[in-house]
Number of protein chains: 2
Amino acid sequence: MKLDDKDQQILEYLQQDSKMTNKQLSMKLDLSVTAVYERIKRLEREGIISKYVALLNPEKVEKAFTVFCQIKLIQHTRNYLTRFEAEITSLPEVLECFHVSGEYDYILKVLVKDMAAYREFMVTKLTTLDHIGSTQSTFTIEKVKNTTAIKL
Amino acid sequence: MKLDDKDQQILEYLQQDSKMTNKQLSMKLDLSVTAVYERIKRLEREGIISKYVALLNPEKVEKAFTVFCQIKLIQHTRNYLTRFEAEITSLPEVLECFHVSGEYDYILKVLVKDMAAYREFMVTKLTTLDHIGSTQSTFTIEKVKNTTAIKL
DNA sequence: TTTTAGAATAGAAAATTTTTCCGAAAATGA
DNA sequence: TCATTTTCGGAAAAATTTTCTATTCTAAAA
């Protein structure tokens, strides 16, 4: 599916602020409200827009401590990988988990309140998963950039 | 500010689907539409909800190649850091950038089309920033989990 | 325990937005 | 070129958000 200039503009705007109304968009794009509406519906139907979400301020909800945790498994049989991935997915502290190339097998982005909470997470949730080989934690000192918007 | 049970439920729902209507929420929470409305407005006003966004499917927009790129600077004077951070922030391929502890100074999450595009990004955008010492790229083989929802 | 001020709630009305409908225009493809 | 499909715009309908008012609840003070 091809995205013309209007589609791209719509996606840019909605990635920044999904509360923007069709009327506001119609004025910015110089289209009718219905045209904007139909385009958005098509983008949703095609799965290009996958969902609409509210983003919280991590500071305000006491989840401002971000850690990147790299994990090496002991074995790499299919079963181990699948079970590990299912268990990781179920942990709410883990916002992102990628199977990666390189020395470690997985890289996780973990959000917790503070170092104490991270220690608790490690001890009670991560290291209790067996077939974990080693882990390496990288603590974030400062968030420089953090967006969900993909440039088209 | 304290979040009671109703607030937390609202945040949970809106983090999953911000298109949910006040009426739908009011039924799930057993509250009136106005009560839900006022609570959401308060959560926005307090900055707990920071924004509403549309999320795109990276596959559908040809940005499914995710790379974690770690960067070491040559020097760590304030000026170098600030300039580096400003330049990194301006790059649309970089969705996330954190100043971190450990061997490397920064960790970036980069989204591009494929390896060729990543090479292009490295050569024309990253390595042209000066005062960069070394970089290490970790390629993602599979996305196991990727959410924006913070558990309260 | 009672009183009182402030916050939260519910219901109805108003305002705005989304969604549908339909005819016209524009693009597409044989 | 013609036929088919897609896109578009305007108006009407449906749904949602927002405002308004009165009432209920809550917690602190008397």
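A, B, ... follow the sequence lines: proteins, then strands. Residue 1 opens every chain.
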Check: Does the side chain of Arg42(A) get closer than 4.0 angstrom to OP1 or OP2 of dT6(D) through an N or O atom?
Finding: no
Check: What does the inter-axis angle of the helix from dT1(C)-dA30(D) to dA30(C)-dT1(D) come out as, five pairs per end, nearest 10 degrees?
Finding: 40°
Margin query: According to ring pair (Phe, Tyr, Trp, His ring centres under 6.0 Å), does anything in residues 24-64 of chain B pair up with another residue at least two apart or in another chain? List the pairs.
Written below: none
Check: Given a cutoff of under 4.5 Å between side-chain heavy atoms of I, L, V, M, F, W and Y, with clusters grown through shared members, what are the other residues clustered with Ile74(A)?
Finding: none
Check: Can you list, by residue number, the residues of residues 44-52 of chain A that have a non-hydrogen atom closer than 4.0 angstrom to DNA chain D?
Finding: none
Next item on the list: Scan nucleotides 10-28 of chain D nucleotide by nucleotide, 5' to 3', and note B when protein non-hydrogen atoms come under 4.0 Å of the base, S if they reach only the sugar-phosphate, - if neither.
Entry: BB----SSSBB--------
Next item on the list: Identify, with sequence neighbours excluded, every residue that meets salt bridge (Lys or Arg N to Asp or Glu O under 4.0 Å) alongside Glu103(A).
Entry: Lys72(A)
Check: Residues sharing Val123(B)'s hydrophobic cluster, by side-chain heavy-atom contacts under 4.5 Å among ILVMFWY, directly or via others?
Finding: none
Margin query: Please enumerate all residues that pass side-chain contact (heavy atoms from CB on, under 4.5 Å) together with Thr148(B), with sequence neighbours excluded.
Written below: Val53(A), Leu55(A), Thr148(A), Leu55(B)
Check: Other than Leu81(B), what residues sit in its cluster of Ile, Leu, Val, Met, Phe, Trp and Tyr side chains whose heavy atoms are under 4.5 Å apart, directly or through others?
Finding: Val144(A), Phe65(B), Val67(B), Ile71(B), Leu73(B), Phe84(B), Ile88(B), Leu91(B), Val94(B), Tyr106(B), Leu108(B), Val110(B), Val112(B), Met115(B), Tyr118(B), Phe121(B), Met122(B), Leu126(B), Leu129(B), Ile132(B), Phe139(B)
Margin query: I'd like to check the side-chain contact (heavy atoms from CB on, under 4.5 Å) partners of Lys113(A); sequence neighbours left out, ordered by chain and number.
Written below: Glu62(A), Ala117(A)
Notebook entry, point to check: Mind checking what makes side-chain contact (heavy atoms from CB on, under 4.5 Å) contact with Arg83(B), not counting sequence neighbours?
Noted result: Glu87(B), Asp130(B), His131(B)
Check: dC8(D) phosphate, OP1 or OP2: any side-chain N/O from Arg39(A) under 4.0 angstrom?
Finding: yes
Checklist line | Partners passing side-chain contact (heavy atoms from CB on, under 4.5 Å) against Thr140(A) (at least two apart in sequence or in another chain) | finding: Thr66(A), Phe68(A), Phe98(B), Val100(B)
